[in-house]
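I have placed the structure first, in the form of structure tokens, so that the comments after it can refer back to it.
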Amino acid sequence: MALDKLQSLKSAISEAIKAVYDHDVDQTTLVLSETKKEFDGDYTVVVFPFTKVLRKKPEEIANSLGAWIKEHKSDVISDFNVIKGFLNFSLPDNFWKDAMAGLKVQEDQGIAKSGSSKVLVEYSSPNTNKPLHLGHIRNILLGWSTHKILAAVGHDVEKTKVVNDRGIAICKSMLAWQMDEESKTPEKSGVKGDHLVGDYYVAFEKRFQAEYQPWQQSADGQAAYEARKNKDQSEAAFFKAHKNKYFNEKSAIGKAARDLLISWEQGDPKVRELWSTMNGWVYKGWEATYDQLGVSFDFKDYESETYLLGKDIIKEGLEKGTFYRQEDGSVWVDLEDRGLDKKILLRSDGTSVYITQDLGTAQMRYKDHGAEKMIYVVGDEQDYHFQVLFEALKKLEEPYADGLYHLSYGMVDLPTGKMKGREGTIVDADDLIAEVIGEVRDAAIERGELEEITQEEREDIYRKIGLAALKFFILKVNPKKRMVFDPKESVDMQGQTGPYIQNAYVRIMSMLRRIDEDKLGSYGAYANIDPSEKSLIITLMNYPEEVAKAAKHYDPSLIANYTYDLAKKFHKFYHDVRVLSAESAEAKAFRLTLCRQVADTLEHAMDLLGIEMPPRM
RNA sequence: GGUUCCGUAGCUCAGCUGGAUAGAGCACCGGAUUUCUAAUCCGGCGGUCCCAGGUUCGAAUCCUGGCGGGAUCACCA
């Protein structure tokens, strides 16, 4: 196979070094890279590193090695040239034909099965008081793609999410619903369930502000402002920061919401019923969004069921002496030896904090699901939380502690800045998806294409193209980076976009539909392989390595950028050479075989991103 | 202030296990087809790779120190 072929070039180089200079080199340290297109040749080895040990000039080394290999290993290289310390090799036609044959027989596109662990990917863990927005989309796409990539390298992967279905937030929506005379339901109102509950959450905030704003001007409010610690703080900033305190201590509506939470915790049947009804609306709404995005989960944990977890692990930690109890009864872990702080794990009244249930959930996932590795797809504002969580589990010497990874990603900004609820700039997930598909539909109608197929088939293609545009736009950016999302650009279909890649695939499918792939014949006699063909083969050979890298770094953007590179090279090839009307039967067979491989690899890679390929467009 | 992430063309981003003249897309200008699907291709324009030191034959890439921006540092989640 292809790798062996490059291996033979590496061997030839090390043999040459031995023969000419009587020096042994470790072949694994030899790095062959694709020759830059401004220069002649296919692969390049940099000889600078040898100058020290061989004590010769780089040009001299390169020339003697090249000459030796050309003389003694004429089957491995067809020619070479030297520019400064760069030794460029041209490889013979047979190399390319063998390499392509090697690609074709490989299953799973030749991706090495490097992993075999049971891996859990947790992604999309939203609160039930709001519909999903653009930020969630980044999370969802990253989580889905990461799970696909890890599965591709052999891991046994399960997807999960934690549903934050309890707490004060949902109680706010519930209270607003109770206060609303209409008592809307998704059925009655025609509003999607998650949006309806979100609307009630907003309604609550409005009612709260209607109470809070006047209070700020009252004697009591002004007294609180006068008593502020930081005298530089403006009135607006003070009251913004004071909001939670007011909510908890003075607000009537705040008390009503908190009472609802207490009733919930006590298991009040009426409250529980409303709670589960409204959450049900949200779940149904979300499901529709997940379906649109083509993602799913193997199982879900509900915070209402897991929030009491973690007490056992705290107990273990106390017994082992890893954690300690303060006089007031609260439990802490000291991570100062690991560059972090002391962190509370259990309140003095014995109730959980956020991290308590995360400790418990991790342990549960290990015990109940056998998870050896757990990937948490969560925004980078929680970097510190996960550092603490992981270090605490390491300190406890939990067996899965080394397999924990926080796939941290940056916030999505708009060209105008941050998304802000109050300013109404939050990009809703459902709206965005519909908009992107609508744009594709409009563009297609304008072009007057796809008129020969059914309405249903057309809609399916619009959906695939629209989602490809959206998903690719988000996934091509390195997750760690905060990214700017321009809604206009996200529906672009030209250039570095999902549709550009789909177009390469569609072009190939269009050709393959016209021929019988089983009757292609041999390309054994094909000679004078075109540079555009070579560059495609090289790129295809790199695919398994690229997937391995993406898996290692948990980074789908590497795959996205790879697909673009491959598609770009294909479009160039398509332009430079004729395929169906090639100059010879061998050339035609060779090119069609190559096209098939490109299509398969593109489809496979895009699938890793959660992007579907349309048969035509 | 401590910690951490980011800083590459007007804009959005690649490249970062050190290698040749730093690449794409968008935008702008100009060309190619009377199609194996132009959702394509080719050319032009556009850069103190945030700054300063250091390591090296060689630094966008590694190290140190700055500067700028984000996040975080709750008995909130």
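Reminder, nothing fancy here: chain letters follow the sequence lines and each chain counts from 1.
Within 4.0 Å (heavy atoms only), A:Asn478 reaches sugar-phosphate atoms of the nucleic acid but no base atom. Within the nucleic acid shown, A:Pro49 comes within 4.0 Å of at least one base atom, counting heavy atoms only. A:Phe473 comes within 4.0 angstrom of no nucleic acid atom, judged by non-hydrogen atoms across all strands. A:Arg482 comes within 4.0 angstrom of the backbone, heavy atoms only, and of no base. If you check every strand for non-hydrogen atoms under 4.0 Å, A:Ser510 touches a base. Residue A:Thr351 is classed as having no contact, given no heavy-atom separation below 4.0 Å to the nucleic acid. Within the 4.0 angstrom heavy-atom criterion, only backbone atoms of the sugar-phosphate kind lie near A:Val353; the bases stay farther away. Using a 4.0 Å heavy-atom distance criterion, A:Ser581 is classed as making no nucleic acid contact. A:Tyr384 comes within 4.0 angstrom of sugar-phosphate atoms only, judged by non-hydrogen atoms across all strands, and of no base. Residue-level contact check: A:Asn88 touches the bases, meaning some heavy atom is under 4.0 Å from a base atom. At the heavy-atom level, A:Met411 lies nowhere under 4.0 Å from the strands shown. No contact: A:Lys342 has no heavy atom under 4.0 Å from any strand.
Read 5' to 3', the first and last nucleotides of RNA chain B with an atom closer than 4.0 Å to a heavy atom of chain A are B:C5 to B:A77.
Atom CG of A:Asn542 is separated from atom CD of A:Glu34 by 7.0 Å, given to the nearest 0.5 angstrom.
B:A32 and B:C16 have their P atoms separated by 38 Å, given to the nearest Å.
If you look at A:Tyr354 and A:His385, their ring centroids are closer than 6.0 Å.
With sequence neighbours excluded, no residue satisfies salt bridge (charged side-chain N to carboxylate O under 4.0 Å, His left out) with A:Arg138.
The aromatic rings of A:Tyr523 and A:Phe590 stand perpendicular to each other, their planes meeting at an angle above 60°, with 30° marking the opposite boundary.
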